[in-house]
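Down below is the structure, laid out as structure tokens.
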Amino acid sequence: MALEVSHVVGGYSQIPVLKDISFDVKDGELVGLIGLNGAGKSTTINHVIGLLTPHKGKISLNGVTIDQDSQAYKQQIAYIPETPVLYQELTLREHLEMTMMAYDLDQEKAWVTAHELLKTFRLDNKLDWFPANFSKGMKQKVMIVCAFLTQAKLFIIDEPFLGLDPLAVNDLLNLIEARKKTGASILMSTHVLDTAQRYCDRFVLLHDGQVKTEGTLSELQAALPEAGESLNDIYLSMTKVDRA
Amino acid sequence: MKDLFKNRLQRHLREMAKYLRLVFNDFFVFALLFFMGGLGLGYSNILKSLKPGLWWAPLVALLVLVIVAQIGRFATLIEDADRVFLLPKERAMHDYFVAARRYSQFLAQCTQVITLFILAPFLSVALHWTVAKILILAVAQIVLKDSLLRLDLASAYQVTGQRRMNQWGFKWLLAIVVIASGLWVTPYVALALALVADGAVAVWFQQHWQKQQIRWREQIKLEDNRMLGIYRFFNLFTEVPMVSGTIKRRRYLDWLFTGIKPKHSQTYLYLFSRGMVRGTDFSGLVVRLTVIGMLLLYFVRGQWLPVFLAALFIYLIGFQLLPFFQQYDDVVFTHVYPILPEFRLKSFVKLVTLILSTAALLLWVVVVIANRELETAGITLLVEAVEVWYLARIYTPQRLARADKNKA
């Protein structure tokens, strides 16, 4: 059991956005976090990466909570934010080096991985560029390269598919697949439902700060038999129930 | 639309008032009064020594008047979102721009009047001008500024296939022609020329604006630049959130980083050092304060004054460096990286120690050069060393811990 979120109540202020949320991500599993704008996806992610502290409940990663040992907890996580954020004063090369230092990676080995990743995402000739000169998609690729440089056990990817070109989306999915094989888990939030349907092992459907349903596609289909076949149909019917 | 401008202007003036209060604090007003008094005295002394008929006198007047004519930009107060939200109201924007020009007019013409007021004694002494002549020239200058602002207004509209009319070359040329004719021929000619120019632009614009589109992007950029200039000025005195310093690569300083080994515990030193060197905000501050301190110490003699001043400048630098610790708080990775907070603090303390030691050393060298006395040099070095140690190792961690507690 890699990530375990149990009965978490939390949010940015005293008013909770998340109302008693529980789900888990197992080793080697890709879990899709699905929900409307404002459903609580980003809030959930912020809790998992330790930016927010839950009011109630517990989040543990391979048995460690952030309060017990923040270092050991964070060491296991690599995060790719929805909006890329970079240090304005560091070049691409320095971002990679900084990631290696922060995660205490072996520089030589990490650089080998780094060069492969850079080549895949066609950034290998931009090592001395500043973030200001990158387009949004390129910045997102930098985030991906930095994250996959690490040996994290849990990758948290916030809406990866918007802003990336189709080739990069494909490369990212291949990377995810490869990491899954080594036993790493991935928690990914997205609105691109047909891609999610094809690649995610399980889904957590968030609505209004609560976990509406959870499970594999066939489990979801069984739970909502009249909703339809695709994840898209299920998702739409789920939101309709609430609107009616 | 007029109301929109009025609203924005009110908001703008409130904001400016807030900053001006901070700029013109007691200390600064005091210094400014002295400065102006000194300048006034100097000016009057120069005037007394002037004899009429100097060949360069009209040139000086030309230079001053032409430069001042360019001061006072077209303040539109338009915002980035306007090109989306006000696009359907494009025709109605005319009223808005006219109102904006009226406001810009006020500020710009005040500057012109004050300049001519200051220049008047010079004109009367050096050129033997009568009051009437000076007054005519003043009117000509005001009309000239009016036409320059009218050009800016006209250039807010896109004239198909035509170049912008308010290019700086044209504006300077117009000002030079008008003022030169006033100084070397007679102010009446200058006034006539200015009136013709102003009228021509006005008539042309009246006929054309209805068929033209607004240059939204360009106007927005101009206004942004104008505001940035104002904020930069305020930023010299106080913290302005809208100004974020620029970043320069400064490859020639990369050797500074060779000492920082890529170790886990040094991650933040790696980041802080590069941020400090390549960002202009904090590095500029440190360099400015150090240079001012060095200049001051070069001219100061005495037993205790140099010691006191050197200590004061080191304190000022150290104190101003504190907010740099939070510089990267809005980058999420600062919180996500698996690095113990102690390492971050240690890195920061190391950085502060390095910067303060360098500044202290430079100040000390100047003290030694200026005073050439063993005792002063020794005392200064001792005081500096203790101060740097205390500021960096004791004071900084304490202050940051307290700030952290207040935030939580």
Could you tell me which portion of B:Ser265 (side chain, backbone, both or neither) has an atom closer than 4.5 angstrom to a non-hydrogen atom of chain A?
neither
So what's closer than 4.5 Å to chain A heavy atoms on B:Gln327: side chain, backbone, both or neither?
side chain
A:Tyr87 and B:Tyr328 aromatic ring geometry - parallel, tilted or perpendicular at 30°/60° bounds:
perpendicular
Using the six-membered ring wherever Trp is involved, compare the ring planes of A:Phe155 and A:Phe148 and label them parallel, tilted or perpendicular (cut-offs 30° and 60°).
parallel
Pick from A:Gln75, A:Gln88, A:Glu94 with the largest number of heavy-atom pairs that fall under 4.5 Å of chain B
A:Glu94
Looking at A:Leu90, A:Thr150, A:Leu86, A:Asn46, which has the largest count of heavy-atom pairs under 4.5 Å with chain B?
A:Leu90
Applying a strict 4.5 Å limit to non-hydrogen atoms, the region of A:Phe130 in contact with chain B is side chain
Partners of B:His264 by side-chain contact (heavy atoms from CB on, under 4.5 Å), sequence neighbours excluded?
A:Gln71, A:Asp104, B:Thr267, B:Ile339, B:Phe343
Quick test of your reading of the model: are A:Arg202 and A:Glu29 salt-bridged, counting only N-O distances below 4.0 Å?
yes
Flag the pair A:Asp128 and A:Lys126 as a salt bridge only when some basic side-chain nitrogen lies within less than 4.0 angstrom of an acidic carboxylate oxygen.
no
